[in-house]
Amino acid sequence: MKIGFDAKRYFHNTTGLGNYSRDLIRILLANHPEHEYVLYTPKVSAKYKESAPSQSYRQPKNFLDKMFPNLWRAKGIVKDLRDDGIDIYHGLSGELPLGIRKISIKTVVTIHDLIFIRYPELYKYLDRTIYTRKFAYACNQSDRVVAISKQTKQDIVTYFKVPEEKIDVIYQGCHIEFKIKKSEQDQISLLKRLGLPRTFLLNVGTIEPRKNILSVIKAIQNLDIPLVIVGRQTAYLQEITDFIRKHRMENRIFFISGLSMRDLSILYSAAIAFVYPSIFEGFGIPIIEALYSETPVITNAAGVFPEAGGPYSYYVDIDDLEQLKYGIVSVISSTSMQQEMKIKGLDYAQRFNDNILADQWNDFYQKF
């Protein structure tokens with residue numbers, strides 16, 4: 001088969017949708033090279049060019065499409081898909097081009113989450129309107145819809161009235177670095193370079209209200225345990241730093257950014273526990289990263305999180321600070337609990353291995 005992909009995020013998003021796109025193409029190329037994979041993008045970034053050989057990506061061809069690349073991606077691309085003989089076109093980030101149903105190409109769209117509908121207060125009105133129209137159009141026009149979790153599938157059914165039988169759930173994996181065992185020397189060297197303590201809690205994710213890291217800071221206010229926070233900063237950081245200063249916690253809370261995947265994976269492996277109090281996610285890749293790193297996970301008991309964390313993570317009501325505090329204390333004070341969570345968590349994570357997910361995708365594409 002010849003499968004085309006909307007690859008804008010592949011080349012230009014460094015996290016989230018970009019990682020999803022790159023990981024999917026990587027595992028397909030490695031496990032099912034019998035198909036041809038073509039990446040469509042308005043522009044190719046040097047950072048990810050090597051992972052997509054020149055013969056496998058397409059850009060706008062004619063003058064007008066080059067002048068208006070966003071319009072090409074939204075509509076003009078359809079002619080190129082037809083001319084290239086694409087059998088299946090996969091919108092990797094909730095979008096499909098207008099008019100694609102007029103040509104004989106099968107279509108798939110991946111929906112990651114509908115958080116902008118569940119929590120509209122977290123998004124600008126214009127953004128919510130655009131996302132809703134794009135996603136609803138793609139779900140209704142596509143031949144199949146892929147949800148990245150059962151939670152997202154249910155949301156698609158609830159909010160867009162898409163029939164359940166049209167939606168497949170295929171989970172995400174994570175970067176290969178998290179699956180490589182790290183030595184104690186790797187950990188010590190990194191912690192020394194970053195100026196971090198040997199024992200700490202870890203949180204990874206954009207520092208924004210939905211990720212809810214302030215709840216952890218409040219929960220550990222009277223505990224003797226440092227917290228390392230890795231992620232892009234937003235205006236929410238001000239609320240966090242105000243609380244930290246007010247309660248004199250500056251020497252226990254560390255903010256880190258700009259890590260390579262290798263350094264991030266080492267940091268995961270060095271943490272005594274990974275705390276992820278996010279209010280809502282489409283799936284929760286950081287949880288998978290922690291499981292592969294053999295780091296105990298403490299996270300939200302509601303929503304999608306048990307899908308990602310499995311039966312051996314520690315679940316709490318994130319709105320109950322005492323329960324969150326109790327969960328943290330329970331895990332960090334029990335080496336036997338930590339060991340069981342590490343072993344059984346890693347075993348659970350094997351369902352997200354590359355070859356397993358690649359075979360699921362291959363079976364899915366073969367349905368058409």
Side-chain angles (χ1 to χ4, degrees), residues 3 5-31 37 39-41 43-52 56-57 90-95 108-113 115 146-149 151-152 169-180 202-208 210-211 229-234 256-269 274 276 278 280-293 295 297 299 304-305 307-309 349 351-358 360-361:
I3 306 171
F5 297 90
D6 172 11
K8 178 183 177 181
R9 268 81 181 185
Y10 180 105
F11 288 104
H12 299 287
N13 282 45
T14 58
T15 60
L17 298 177
N19 287 336
Y20 175 82
S21 302
R22 289 184 291 274
D23 281 343
L24 174 56
I25 302 303
R26 176 181 60 81
I27 67 174
L28 288 173
L29 284 169
N31 292 275
Y37 307 106
L39 311 184
Y40 289 84
T41 178
K43 190 176 175 183
V44 175
S45 67
K47 183 173 184 178
Y48 298 113
K49 188 174 182 178
E50 287 187 8
S51 65
S56 72
Y57 61 79
H90 189 161
L92 294 173
S93 54
E95 300 175 67
V108 181
V109 65
T110 294
I111 301 296
H112 296 262
D113 64 71
I115 298 172
V146 171
I148 64 168
S149 66
Q151 176 67 63
T152 296
V169 175
I170 303 180
Y171 290 119
Q172 297 176 255
C174 68
H175 196 281
I176 194 170
E177 272 293 347
F178 298 95
K179 303 169 188 178
I180 300 171
L202 178 66
N203 172 267
V204 177
T206 303
I207 303 172
E208 61 182 349
R210 178 169 59 86
K211 301 293 186 178
I229 303 170
V230 181
R232 180 176 61 83
Q233 299 176 356
T234 71
I256 304 292
S257 62
L259 295 179
S260 67
M261 278 295 184
R262 174 165 172 76
D263 283 350
L264 181 60
S265 66
I266 294 171
L267 193 62
Y268 266 100
S269 71
F274 179 71
Y276 198 63
S278 179
F280 196 86
E281 298 286 338
F283 183 50
I285 289 299
I287 292 175
I288 303 302
E289 293 169 345
L291 295 180
Y292 275 114
S293 302
T295 301
V297 172
T299 190
V304 73
F305 303 95
E307 282 188 68
R351 69 193 58 209
F352 307 115
N353 284 348
D354 289 353
N355 62 314
I356 293 174
L357 297 179
Q360 289 175 6
W361 278 110

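Computed from a predicted structure; not experimentally measured.
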Inset, instruction - Report the residues that fulfil side-chain contact (heavy atoms from CB on, under 4.5 Å) with Ile356, sequence neighbours left out, ordered by chain and then residue number. - result: Asn353, Gln360

Inset, instruction - Go through the structure and list residues passing side-chain contact (heavy atoms from CB on, under 4.5 Å) with Arg262, not counting sequence neighbours. - result: Glu177, Lys182, Asp186, Ser260, Ile266

Inset, instruction - Give, for atom CG of Leu28 and atom OH of Tyr37, the distance between the pair rounded to the nearest 0.5 Å. - result: 4.5 Å

Legend entry - Exceeds 12 heavy-atom contacts within 6.0 angstrom, atom CG of Leu259: yes

Legend entry - Close side-chain approach of Ile287 to Thr299, heavy-atom, < 4.5 Å: yes

Inset, instruction - For residues His112 and Phe283, establish whether the separation of their ring centroids is below 6.0 Å. - result: no

Inset, instruction - Would you mind reporting whether Leu291 and Phe274 have side-chain heavy atoms less than 4.5 Å apart? - result: no

Legend entry - Arg26 and Asp354, any side-chain heavy atoms less than 4.5 Å apart: yes

Inset, instruction - Identify the heavy atoms of Gly282 and Ser149 that sit nearest to each other, and give their distance. - result: O-OG, 2.6 Å

Legend entry - Pairwise side-chain contact, Leu202 with Val230, heavy-atom cut-off 4.5 Å (strictly under): yes

Legend entry - Tyr40: partners by ring pair (Phe, Tyr, Trp, His ring centres under 6.0 Å), with sequence neighbours left out: none

Inset, instruction - Using ring pair (Phe, Tyr, Trp, His ring centres under 6.0 Å) as the criterion, list what pairs up with Tyr292, not counting sequence neighbours. - result: none

Legend entry - Sub-4.5 Å side-chain heavy-atom contact between Ser93 and Asp6: yes

Legend entry - Non-hydrogen side-chain atoms of Lys47 and Phe11 separated by less than 4.5 Å: no

Legend entry - Over all atoms of both residues, closest heavy-atom pair of Gly173 and Leu357: N-CD1, 3.4 Å

Inset, instruction - Examine the side chains of Thr110 and His90 and answer whether a donor and an acceptor come within less than 3.5 Å of each other. - result: yes

Inset, instruction - Give the intermediate values and the outcome of side-chain contact (heavy atoms from CB on, under 4.5 Å) for residues Leu264 and His175. - result: CA-CA 11 Å; Leu264 181 60; His175 196 281; over 6 Å; no

Legend entry - Non-neighbouring partners of Thr234 that pass side-chain contact (heavy atoms from CB on, under 4.5 Å), sequence neighbours left out: Thr206, Glu208, Arg232, Tyr236

Inset, instruction - Please report the closest heavy-atom contact between Leu92 and Ser21, naming both atoms and the distance. - result: CD1-OG, 3.5 Å

Legend entry - Distance (rounded to the nearest 0.5 Å) between Ile148 CD1 and Asp113 CG: 6.5 Å

Legend entry - Modelled atom types, side-chain donor and acceptor of Tyr20 and Gln172, under 3.5 Å: no

Inset, instruction - Report the C-alpha separation of Val297 and Phe305 in whole Å, then their side-chain angles, then the decisive distance to 0.1 Å, and conclude whether the side-chain contact (heavy atoms from CB on, under 4.5 Å) test is met. - result: CA-CA 10 Å; Val297 172; Phe305 303 95; over 6 Å; no

Inset, instruction - Determine whether Ile229 and Ile207 make a side-chain contact, defined as any pair of heavy atoms from C-beta on separated by less than 4.5 Å. - result: yes

Inset, instruction - Tell me, please, which residues at least two apart from Arg22 pass side-chain contact (heavy atoms from CB on, under 4.5 Å). - result: Tyr10, Asn19, Tyr48

Inset, instruction - Heavy atoms only: give me the nearest Glu307-Phe352 pair and the separation to one decimal. - result: O-CZ, 4.0 Å

Legend entry - For the student: nearest non-hydrogen atoms of Phe5 and Leu24, plus distance: CE2-CD2, 4.2 Å

Legend entry - Pair Glu95 + Lys8: basic N to acidic O under 4.0 Å: no

Inset, instruction - Verify, without hydrogens or angle tests, whether Glu289 (side chain) and Phe178 (backbone) share a donor-acceptor contact under 3.5 angstrom. - result: no

Legend entry - Heavy-atom closest contact (Thr152 atom, Ile111 atom, distance): CG2-O, 3.4 Å

Inset, instruction - Find the distance between CG (Leu267) and OG (Ser293) and round it off to the nearest 0.5 Å. - result: 9.5 Å

Legend entry - Any Arg210 side-chain heavy atom under 4.5 Å of Ile115 side chain: yes

